[in-house]
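Below, read A as the first sequence line, B as the second, and so on, with proteins coming before strands; counting in each chain starts at 1.
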Amino acid sequence: MRLLDVEVIENTRIAASTYEMTVDSRGELAIQKPGQFVHVLVDPPHYLRRPLSIASWTKTTLTFVYKTFGSGTKTLVNKLPGDRINLLGPLGNGFPMPEEERIVLIGGGVGVPPMKGLAQELTRRGKRVSAVLGFRSADDVFYEEELNAYADVTIVTEDGSYGKPGLVTEWVDAGAEVFYACGPNPMLKAVRDAFPIPGFISMEERMGCAIGACFACTMKTFDGGYVNVCKDGPVFPKDKVVLP
Amino acid sequence: MRLLDVEVIENTRIAASTYEMTVDSRGELAIQKPGQFVHVLVDPPHYLRRPLSIASWTKTTLTFVYKTFGSGTKTLVNKLPGDRINLLGPLGNGFPMPEEERIVLIGGGVGVPPMKGLAQELTRRGKRVSAVLGFRSADDVFYEEELNAYADVTIVTEDGSYGKPGLVTEWVDAGAEVFYACGPNPMLKAVRDAFPIPGFISMEERMGCAIGACFACTMKTFDGGYVNVCKDGPVFPKDKVVLP
Amino acid sequence: MNLRNDLPGLKLKNPVMPASGCFSFGKEYASFYDLDKLGAVVLKAATGESRFGNDTPRVAETASGMLNAIGLQNPGVDAIIENELPFLEDFQTPKIANIAGSTVEEYEEVAEKISPHVSAIELNISCPNVKEGGIQFGTDPDLAREVVKAVKHKSRVPVYVKLSPNTSDIKGMAVACEKAGADGLSMINTLTGMQILKDKRKPLLANKTGGLSGPAIKPVAIRMIYEVYPHVSIPIIGMGGIESAEDVLEFLLAGAQAIAVGTANFRNPFVMPEIIENLPHVLESYGFSSVEQAIGGAHDETNASPLYSS
Amino acid sequence: MNLRNDLPGLKLKNPVMPASGCFSFGKEYASFYDLDKLGAVVLKAATGESRFGNDTPRVAETASGMLNAIGLQNPGVDAIIENELPFLEDFQTPKIANIAGSTVEEYEEVAEKISPHVSAIELNISCPNVKEGGIQFGTDPDLAREVVKAVKHKSRVPVYVKLSPNTSDIKGMAVACEKAGADGLSMINTLTGMQILKDKRKPLLANKTGGLSGPAIKPVAIRMIYEVYPHVSIPIIGMGGIESAEDVLEFLLAGAQAIAVGTANFRNPFVMPEIIENLPHVLESYGFSSVEQAIGGAHDETNASPLYSS
Ligand SMILES: Cc1cc2nc3c(=O)[nH]c(=O)nc-3n(C[C@H](O)[C@H](O)[C@H](O)COP(=O)(O)OP(=O)(O)OC[C@H]3O[C@@H](n4cnc5c(N)ncnc54)[C@H](O)[C@@H]3O)c2cc1C
Ligand SMILES: Cc1cc2nc3c(=O)[nH]c(=O)nc-3n(C[C@H](O)[C@H](O)[C@H](O)COP(=O)(O)OP(=O)(O)OC[C@H]3O[C@@H](n4cnc5c(N)ncnc54)[C@H](O)[C@@H]3O)c2cc1C
Ligand SMILES: Cc1cc2nc3c(=O)[nH]c(=O)nc-3n(C[C@H](O)[C@H](O)[C@H](O)COP(=O)(O)O)c2cc1C
Ligand SMILES: Cc1cc2nc3c(=O)[nH]c(=O)nc-3n(C[C@H](O)[C@H](O)[C@H](O)COP(=O)(O)O)c2cc1C
Ligand code: FES
Ligand code: FES
């Protein structure tokens, strides 16, 4: 885990209010697993950092995707190549690698980015990977081609304006032996309830420190304990955490 | 008086932590007199604008000089040509034009910039203008050449590291019929006490609105009343305002 | 989109008005836009005699806010009536007089003199009571009750009490003021703060302490309005860091029936007309068809006021 | 440059320590730097039994600050002593235990159990007293006096009382705590605030209200410390929005003898070692040759403490 001032290499719009940023990590970020994230500083008067999943990486670069829900991430939009941003990472546990051979990745909205790095890694390991990516509408769709390189991709839109209509759960590979899901809590709940197979879910929670020190991101577990999403997660076995 | 988003044309260092910025006023700022100022927005979390004297102007440009005393003006330093800044102006009364023929301008530190526009205007009117410009040290000196084009300039540094040593008051044209002074209050006091001739002083005070509505910049007058530096000033006859 | 909203003494065409002391008596901002665009105009504090106020510096900048210690500078109630109010007669929008004093008698005098000329009075109780050793009327429920009763007795128009946030029990203060006859509440005044000059080794403000305002205090304002709303049946005029139509909606949802904009005017003199222009769009985008619909919207049905349930 | 400074129970090599609750029990930040660089380590609040705390969301962002409603989550005093303190035994820097409770008895139990293991106790009185209908110990001088007396009686180490800024009379609270036997004061805790989600039409925090921290509250912290300093003879640990060595100097000048950094750790996990590194240079550039020299420096000689005159 490092605190780094990094140079922006690229920052481009890839979907409705959705941007992909690649920065020069100078090989100083020892990313261990897909599913880890970085905690990104945005401009004042915003005070807290923004947790963003690592979508993909090379030895010297790091790429993440951000959607401008609020005013903080909007301050990232006007960063140009050469500008510097400050990030803390890599953070969190990331996705564990499966024994199973036939894997389905389920991503919803801003839960899609980490699926890219995950698909890459699973393919590298010779797994058979399918991916179901859900978006609100055609304008919101991104990473279809990127994922296609590593998985058999199905795009689903709520309003049916692109790809298949409806919910991601309706289009999951029936033969999959294990699932990996990242997206809004309602989607995670639906996925968990729909599929009896083993699975891992990556969670979102509002964060302060992102290193396990402030207890902002604490969730109850089914065994009566608790976990901090930032440090113990964001990835958990599907039956570990009580989803709010 | 207008509120304008203007494009930066030039922003260059001209002395120790002192910068000159020229912006494209698109001919929309009806500047009436030298000595008026603009109220400039700086980046968050700074909340208040920064009052800065208009140093010079053309039909389509406006130039001011800022010294980075604190963190707000520092946010102006990295504005590049093409970037936009927001300013409110022109504000204040500016310098009245004299009947007299032989004029001395006395500027101290960041009180020097408005003297440029004033010297320009006085010369245009065929007055005989001398200027005494005081700075702390050689590194702080600016606008010597600029003023030389319109006035007989004497540079004074407190530490004697450049030009004449000591205080501005020691080097003022003895034959001057009227003085115009802008600088720190101690200098203004010294000038007022040193010269029996008529004179005008331009004052500094911390501001909120800069348009006369918040009473942040109020000063007592010798006649028992008060003035708001932002609206009734910043220029006053030498005996009008009680200097703090 | 209906922005109208009626409060005691105030028929507001929209819920946006200036915060007292940030708008003087209106003249300066009238050179930027027509004051009749505003829901109301709130005047600078008036006292019995003219006051020069504090020495300068009177303002300091803080993170996302500012400190001010103007010291209630004003020409006195008589001069205000004679020299300042006439300018405002050309405008139809309601006028609210903000009144201050160092004794109950002074408050009474100012209220009696100025109330015939305005639509409502905003009673600024964040002032030290000289007879009570300088403790603020606004931090002692009994002193507050006393001054509210007295002013209500003298005023010909509804009285809105402006509450100080420098208290551990804002609900108690609000309820005390309502019991004493207040027709409405203004929340919040500034939090007392200070900034120290490291080079001069002394407080920056000549008055040492000043009032903290701006976005920095917005969370405190929202909390206090939300806390008071279920416990009073009089309307609340909300203020504290408002900069946008979105902020206005947050205040309405907390329980404010109208809002005031102060410090933001210093950043952008057009901020109020801009907010008024954006408000319909913002209300609509969040599913509201009127200002009234949004008031108190963040409260559970259970503790929501009639206004909200209706 | 001498950064040393002795407070009751605390021999500080420098005046910088974490603010309770922002540093957990130290483990996480120990992976960034050696905790012995810090003047002291302040632990997360401990209660009698383990508490899960509030539901999420527990934090919200505000202009130049944040709101938190963690809800004193902690494993309980016994588990803290057994599982958390051993890790800190490897470090020489003094440890301060922050203790909380819902009854005087709970405070007593926690103080008695944990005081043998730490150098000092920080008594967090910003907690609702369940037996007194939930009013905070920290907003009622009598309740405060009672709990301070009780804890002093049980504690084997000096007790610092952490004051709540949500009061109209911080001086009265401070003096009451000193009279009750407090060895020092910590100022300030968070201001109570709220943020409302416009789309969901409800408060963002599951707990509705939360504590406001960060640079936004610095002017309030400085004011309260400056106000209390001349009236107490016990040392003050100052906190509230500190981000830099310059901020530290401002707190020292106001009257703090040591300082704590909270929210700023979330922006920059290295902020405390960086402040400690810059402090000598900053003190020097403002003409000070030690931390002690700067303490209370913004007060007139007349009301300055011996510390300053010396
Ligand atoms: C582990 C993790 C990974 C994430 N990965 C991505 C990603 O790859 N791409 C992406 O677009 N988004 C991702 N998110 C969500 C992202 O953090 C939020 O959308 C973002 O913080 C919102 O900031 P804002 O300035 O747009 O909104 P604002 O409303 O200005 O944010 C205000 C505050 O709330 C927090 N916040 C608001 N929404 C969320 C949220 N959904 N989750 C966590 N904090 C929130 C912000 O961090 C900030 O502190 C991730 C969240 C987590 C916890
Ligand atoms: C009418 C007028 C004309 C001026 N012309 C110039 C000029 O041409 N060039 C120049 O460099 N400076 C000028 N000044 C001073 C300039 O406004 C301050 O140096 C500047 O505001 C400091 O901002 P900062 O961010 O550097 O300091 P900060 O310490 O960050 O400022 C904090 C707050 O204090 C205010 N402030 C601090 N010092 C002063 C000061 N001396 N006067 C007024 N407000 C202050 C700031 O405006 C801000 O609100 C002028 C001031 C006035 C009133
Ligand atoms: C410069 C200034 C002067 C003020 N003068 C008064 C006043 O005379 N009477 C009053 O009741 N409030 C006064 N206030 C408080 C404001 O009316 C308002 O309650 C407070 O600033 C919070 O709103 P804001 O954050 O939008 O500024 C003043 C505020 C400022 C910044
Ligand atoms: C996430 C968080 C948790 C906190 N928990 C505690 C606590 O357990 N006990 C306590 O006395 N103060 C607690 N505080 C208050 C801080 O210790 C500190 O008093 C306050 O945040 C002001 O300092 P700051 O602005 O530097 O954060 C907490 C603050 C934050 C932000
Ligand atoms: S964000 Fe601080 S513990 Fe997870
Ligand atoms: S700055 Fe507001 S009156 Fe001058």
Side-chain angles (χ1 to χ4, degrees), chain C residues 60 62-67 135-136 138-140 164-170 173 191-203 208-210 212 214-227 241 243 246 249-254 282 285-288 294 297-300, chain D residues 60 62-67 135-136 138-140 164-170 173 191-203 208-210 212 214-227 241 243 246 249-254 282 285-288 294 297-300:
Chain C
T62 68
S64 298
M66 70 178 279
L67 292 166
I135 48 161
Q136 287 191 2
T139 56
D140 178 305
S164 163
N166 301 297
T167 170
S168 55
D169 181 18
I170 193 71
M173 285 299 306
L191 281 162
T192 308
M194 177 184 283
Q195 188 172 110
I196 289 172
L197 288 171
K198 292 174 285 293
D199 50 353
K200 300 229 174 71
R201 302 183 187 185
K202 64 184 183 66
K208 292 187 175 178
T209 64
L212 182 63
I217 69 168
K218 198 181 85 176
V220 175
I222 293 289
R223 185 267 295 183
M224 289 187 163
I225 292 166
Y226 185 93
E227 185 179 340
E243 291 186 290
E246 284 78 7
L249 176 54
E250 190 178 358
F251 275 78
L252 295 174
L253 291 169
V282 168
S285 67
Y286 285 98
F288 296 99
H299 293 262
D300 310 322
Chain D
T62 68
S64 297
M66 70 179 279
L67 292 166
I135 47 161
Q136 287 191 1
T139 55
D140 178 306
S164 162
N166 301 297
T167 170
S168 56
D169 181 17
I170 193 71
M173 285 299 305
L191 281 162
T192 308
M194 178 185 281
Q195 188 172 110
I196 289 171
L197 288 171
K198 294 175 283 292
D199 50 353
K200 299 230 175 69
R201 303 185 186 184
K202 64 185 185 64
K208 293 185 176 179
T209 63
L212 182 63
I217 69 169
K218 196 181 88 177
V220 175
I222 292 288
R223 186 267 296 183
M224 288 187 163
I225 292 165
Y226 185 93
E227 185 179 337
E243 292 186 290
E246 285 78 7
L249 176 54
E250 190 177 357
F251 275 77
L252 295 174
L253 291 170
V282 168
S285 68
Y286 285 99
F288 296 99
H299 294 263
D300 309 324

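Ranked by heavy-atom pairs under 4.5 Å with chain C, the list Met224(D), Lys202(D), Glu250(D) is led by Glu250(D). Contact count versus chain D (heavy atoms, under 4.5 Å) is highest, among Ile225(C), Val220(C), Asp169(C), Thr62(C), for Val220(C). Considering only heavy-atom pairs separated by less than 4.5 Å from chain D, the leading option among Thr209(C), Asp140(C), Leu212(C) is Leu212(C). Among the candidates Pro203(C), Gly65(C), Gly138(C), the residue making the largest number of heavy-atom pairs closer than 4.5 Å to chain D is Pro203(C).
Note that the CD1 atom of Ile217(C) and the CD1 atom of Ile217(D) stand 13.5 Å from one another [nearest 0.5 Å].
Ala216(D) and Ala216(C) make their closest contact through CB-CB, 3.8 Å (heavy atoms, listed as atom of the first residue, atom of the second, distance).
Heavy atoms of Glu246(D) lying under 4.5 Å from chain C belong to its backbone as well as its side chain.
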Could you go through residues 191-200 of chain D and list every donor-acceptor pair under 3.5 Å that involves a side-chain atom there, pairing it with any protein atom two or more places apart or in another chain?
unit_1    : atom_1 : unit_2    : atom_2 : d
Thr192(D) : OG1    : Asn166(D) : ND2    : 3.2
Gln195(D) : NE2    : Glu61(D)  : O      : 2.6

- Query: Please walk me through it: do Leu249(D) and Phe288(D) pass side chain to side chain contact (heavy atoms under 4.5 Å, CB included)?
  - Reply: CA-CA 10 Å; Leu249(D) 176 54; Phe288(D) 296 99; 3.9 Å; yes
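Residues that satisfy the side chain to side chain contact (heavy atoms under 4.5 Å, CB included) test with Gln136(C), not counting sequence neighbours, are Ser126(C), Thr139(C), Ser164(C).
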